[in-house]
Amino acid sequence: MSEVTAVAKVMARTIQFALRQQRLLLLLAAICGNIFFVYSSVAAPARLADYFQENWTTRDGLPHNTINSINQTTDGYLWIATWEGATRFNGREFDMFGRGELTGLPDSGIRTLTKDRNGNLLLAGSRGGLSRRSADGWYSWPAFDVLINAVTQSSNDSLWLGTEGQGLFQQTADGRRTQYRVADGLASDVIHSVLTDSHDRLWIGSGRGLMWLDTAAAQARFMPVRGLPAVPVFVLKQYGDSVLIGTERGLYIWRQGTVELFAAGLADMPVSTLLIQDKQVWIGTTDRGLLRYSELGLETLSMAGGLPNNRILSLYLDRENSVWVGTNGGLFRLRDAPFVTYTAENGLVGDYVRAVMPHSDGSVWIGTSQGISRYSATGIEHINLAEASRGQSVLSLAEAADGSVWVGTYSDGALQWRDGRVVRQYDRTSGLLANEIRAILPDAGGGLWFGSGQGLNYLSAQGDIQNFATAEGLPAPFVMALYLHKDGRLFIGTGGGVAIRHPDGKISVLDLPALDGAEYAFGFTPDPLTEILWMATDRGLVAYDLSNGSLQMLGRNVGLPLDKVFQAVVDRQHNLWLSSNRGILRFERSQLSEILAAKRSSLDYQLFGEGDGMQSAQANGGSMPAAAMAADGSLWFATSKGASTVQPTALKRFAANIPPVVIEALKVNGVTVALQQGLRLAAGANRLELQFAGLGYIMPQRIQYRTKLHGFDADWVERGSNNSAEYTNLPPGQYQFSVRASYPQGEWSAQQANFSFVIAPYFWQRPGFWLIFAGAGLLFAGILLRWRLNTLRRREQLLRWQVAEKTVELQQQTDHLRAVDKERSELLEQIKRQAQEFALQARLDALTGLANRRAFDESLARECARARRTQLPLCLVLLDIDHFKLVNDTFSHSIGDEVLKLVADTICRHCREDDTVARWGGEEFAVLLPNTSVHAAKDICERIRLAIMQTDCSTLAADLHITVSMGIAGFAGEAQHDKLLSRSDSALYRAKQSGRNRIDIAV
């Protein structure tokens, strides 16, 4: 008995221990879950202004600019509904589907796209067309003869369709069709939206409020939702166990039978479409642009911020977390991009950035042609240098040991900024060689090195200034970059090469010209892993060995796509980034090491540009630092349109997406053939081209492909970004073509796309044919040989005589024809050149390179006709340089010409590609702004006016300042575009009469 009791006690203790362990595990799981929840809730989305924007219109292949609906099918294609058909987008091109036998649609106007419970695409729209596209092809229902606004599917596979004026339709799976109207309990026969929620309730947004229906009930009974105004309900979205309701007068939420306003800031907001992304709610409006409600608050994006149109018709979140926006002005996308660019629109003092300097306090100082901005966690602030610099045109930046900042300016020397003001200034009057300071480098002793346009200066801690120019050993006086090595060697980058000032004061010059003729040294970057100093030059990247002084060029010889590179930066992963006029290049550390060790002959690279988040791929150089790494590991680059920054570790996030891949087309001998597995191709199919696409939309132009033709290729063939494979003269047989896709640095798609086909042989390619042919051939050859030998002997003599005679005759004819052909070619080439020159001269202004009066009149007539046809806004701006005659009289006509070219260049930099800029005559210019309201035109003109007013003209004349007056006129449907010109001219006259340097808008 005591043994049993002891055993029981042991078992009890064991059970208690197990229970304690279980509770501990549950507690740990709860803690981990809470940590995950807290982390996920803390992670805030990117600011709306930081998203990379892209848009597509009919110019890019869309059939229509009104985007009614957007959806993505299971194969990865993006589908866009327009009034001219549904188009399928693969990231590169659009493929249009309209009415006809293929789709079964009665009209090309598509109003809505949705997916059924099996993932098939449903298309509905004009004239009641309803079609389904699946892997098996197209299927269409009989037309409903009314515009279909919305479609949803219930759990019993019934389709519910909201129509424009004929109520609600139910299309059952067995083909029955039932119609419900006001007489059946609907609030209105106009149904804008329908939604089937998780409880299989059908929500119906009508022209006069919201109702719901239990689809499982035996008899349809429509229940009104109380608490909403009797206005149109344009969109419905399930939001957890609640329903978001977008109406003509605000966004509401239905929660447990109660309706309330979703957010105070959304009262009376005309909501047209909704998108739920995690805890974010994207809100499209009918006339106020795009809104986002998140933990960052309520943010707005309108036409002023880049939207093509303020009317939002559709929103969609694709598999790569890009937000697609359908507007009345085209397709628009917001997405995360590797690069984020900060420009004047984001708060910078100017767009033309020459220097970026991370500060020890974690901020980044950005030097522009119009001043300095300081970027920090709290935002962007301006540093006002007006007390010491009139133009505030900044070239270089450097942080001193005490945290103060030295600023090199274009025309005001070097300034020291500390405690919110300029505390010291050095310029030519102080002993510097020039006021143009392109490089600043503090040393350990408290001194400063200044690189200028006229040489090198050293400012000692005691205030003494020492000068170095060509007389002291510099290869050229134009100094752009400085680097001080730990052993005391000072590297000086000039316009004529690299000089080294040794600790003993002697200056030596490196033989850069021996490296492919390199001259300009734009920047220096020490390598943290090796004794290499990277030098950015006008012929590529130079590796200088600090231990033995050897030089090695990495330029065109190793596959770089360009010559001029401005600044190298080594990231925390020790990979190298390089700025240039054509974008930012990135190189893997392992490949750089192999190149330097002569184990590799070429470098692979990634080239980042406008498609990766940069506003301009043109980086700036010739001042320092033109690129740098911040304290958080992000890289910053100075560009001609803002400061661009990238977090190298974020590239893995983009590479983590693996795009699905599809085979889109097959061409046989140049003719497109329908894709069908096991396709049997006739004999003679000697040229096959297979076209494929990776269905990724973040960086579609950079998706990489690899293919393998089983039965022909021994291994996978790397195709790079080429999305087609061509095969010629394939022997008869069975083949299977496979293709995979990936983003750069990403994994290859596990599910490859396959296509099998057979090439049939000719009859003479069959084995039995050759046995028969060989026997018959031998017999016939014996007979023919004897006859042929006799014939040849008789004709040999005759042919010899004829050949000799004809040879002489043909040689004479050939010589004559060559002379005639040469004379004709020279005459045609001369006529062609003259015609091209005359055509160019007739349409361009010779001084400014802008369109002349004739070309502008043609553009004005064309754009007025387009605006009249499309009802899109159009603005005309006439611009006049104030007191231009005084410029010519005071400074000379040559200075006046330079002013005209300067103004023309400034106008062009602030206009879009679609805008037309012309020299109207004398000092007058004309700007045509299509698809631009008068308000937006005024903003553009104000930026142009300010840019011209702030332009530094001291290089042309010491006391020269220019301003402009402008007149704006919006197109009002005039039958004669001369009236538009007259209105704009009158506005310009009023601006001049009102004091000049202003803008007036025509009434």
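Below, all heavy atoms of this structure are taken into account, side chains as well, without hydrogens, waters or symmetry copies.
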Would a distance-only check, ignoring hydrogens and angles, find a side-chain to backbone donor-acceptor pair under 3.5 Å from Asp538 to Glu519? yes

Donor-acceptor contact below 3.5 Å, side chain Asp612 vs main chain Gly609: yes

Validation row: Ile492, Leu482 side chains within 4.5 angstrom (heavy atoms): yes

Donor-acceptor pair between Thr707 and Arg719 side chains, under 3.5 angstrom: yes

For residues 709-717, run the donor-acceptor check on the side chains, cut-off 3.5 Å, and write out each pair with its distance to 0.1 Å, sequence neighbours left out.
{"from": "His710", "atom 1": "NE2", "to": "Ser738", "atom 2": "OG", "distance (Å)": "3.2"}
{"from": "Asp713", "atom 1": "OD2", "to": "Leu709", "atom 2": "N", "distance (Å)": "2.9"}
{"from": "Asp713", "atom 1": "OD2", "to": "Tyr727", "atom 2": "OH", "distance (Å)": "3.4"}

Audit row: Ser640, Ser616, side chain to side chain donor-acceptor pair (under 3.5 Å) steps and yes/no: CA-CA 6 Å; Ser640 62; Ser616 171; 3.0 Å; yes

Does the salt bridge (charged side-chain N to carboxylate O under 4.0 Å, His left out) test come out yes or no for Asp563 and Arg556, once each step is laid out? CA-CA 7 Å; Asp563 285 329; Arg556 299 273 187 178; 3.0 Å; yes

Would you confirm whether Thr341, through its side chain, and Gly613, through its main-chain N or O, come within 3.5 Å as a donor-acceptor pair? yes

State whether the side chain of Glu399 and the backbone N or O of Ser360 hold a donor-acceptor pair below 3.5 Å, judged by distance alone. yes

Could you check, using the six-membered ring where one of them is a Trp, whether Phe587 and Trp577 have ring centers closer than 6.0 angstrom? no

State plainly whether the residues Glu436 and Arg438 are in salt-bridge range, i.e. N to O under 4.0 Å. yes

Tell me whether Gln567 contacts the main-chain N or O of Pro625 through its side chain, where contact means a donor paired with an acceptor under 3.5 Å. no

Strictly below 4.0 Å, N to O, side chains only: are Arg600 and Glu594 in salt-bridge contact? yes

Salt bridge between Asp914 and Arg912, side-chain N to carboxylate O under 4.0 Å? no

Would you say Asn557's side chain and Met553's backbone share a donor-acceptor pair under 3.5 angstrom? yes

Run the ring-centre check on Phe755 versus Phe737 and record whether the distance is less than 6.0 Å. no

Under the rule for ring-ring contact (aromatic ring centres under 6.0 Å, His included), what residues qualify as partners of Tyr375, not counting sequence neighbours? Tyr342, Trp636

Apply side-chain contact (heavy atoms from CB on, under 4.5 Å) to Phe478 and Gln454, showing your working. CA-CA 6 Å; Phe478 192 76; Gln454 297 296 324; over 6 Å; no

Any luck finding a side-chain donor-acceptor pair between Asp604 and Gln591 under 3.5 Å? yes

Could you check whether atom OH of Tyr520 has more than 12 heavy atoms from other residues, nucleotides or ligands sitting under 6.0 Å from it? no

What orientation do Phe339 and Phe637 show, parallel under 30°, tilted 30 to 60°, or perpendicular over 60°? tilted

Sorted by chain and residue number, the salt bridge (charged side-chain N to carboxylate O under 4.0 Å, His left out) partners of Asp632 (sequence neighbours excluded) come out as none

Are the side chain of Thr639 and the backbone of Ala619 linked by a donor-acceptor contact shorter than 3.5 Å? no

List the steps, then state whether side-chain contact (heavy atoms from CB on, under 4.5 Å) holds for Val739 with Gln752. CA-CA 6 Å; Val739 58; Gln752 61 197 31; over 6 Å; no

Sub-6.0 Å ring centroid separation between Phe468 and Tyr458: no

Going through the checks in order, is the salt bridge (charged side-chain N to carboxylate O under 4.0 Å, His left out) test met by Lys901 and Asp905? CA-CA 6 Å; Lys901 290 189 284 184; Asp905 181 66; over 6 Å; no

Restricting to side chain to side chain donor-acceptor pair (under 3.5 Å), what partner residues turn up for Ser579, sequence neighbours left out? none

Qualifying residue, where the test is side-chain contact (heavy atoms from CB on, under 4.5 Å) with Ile372 and the options are Ile366, Leu397, Thr409: Leu397

Within the distance-only criterion (no hydrogens, no angle test), does the side chain of Glu320 pair as donor or acceptor with the backbone N or O of Tyr697 below 3.5 angstrom? yes

Salt bridge check: are Glu54 and Arg335 linked by an N-O gap of less than 4.0 Å? yes

Do Glu664 and Asn90 meet the criterion of a side-chain donor-acceptor pair at a distance under 3.5 Å? yes

Would you say the side chain of Phe450 lies within less than 4.5 Å of the side chain of Leu432, judging by non-hydrogen atoms? yes

My understanding is that only residues two or more places apart in sequence, or in another chain, count here; which of them pass salt bridge (charged side-chain N to carboxylate O under 4.0 Å, His left out) with Arg589? Asp527

Taking Asp545 for its side chain and Ser550 for its backbone only, find out whether a donor-acceptor pair lies under 3.5 Å. no

With a 3.5 Å distance limit and no angle check, can you tell me whether Tyr705 reaches the backbone of Arg740 through a side-chain donor-acceptor pair? no

side-chain contact (heavy atoms from CB on, under 4.5 Å) between Asp443 and Leu448, intermediate numbers included: CA-CA 6 Å; Asp443 65 12; Leu448 286 166; over 6 Å; no

Sequence neighbours left out, what passes salt bridge (charged side-chain N to carboxylate O under 4.0 Å, His left out) with Asp351? Give chain and number order. none

Is there a side-chain contact (heavy atoms from CB on, under 4.5 Å) between Leu578 and Leu541 once you walk through the steps? CA-CA 9 Å; Leu578 199 59; Leu541 185 66; 3.9 Å; yes

For a quick check under 3.5 Å, do Ser393 and Arg354 share a side-chain donor-acceptor pair by atom type? yes

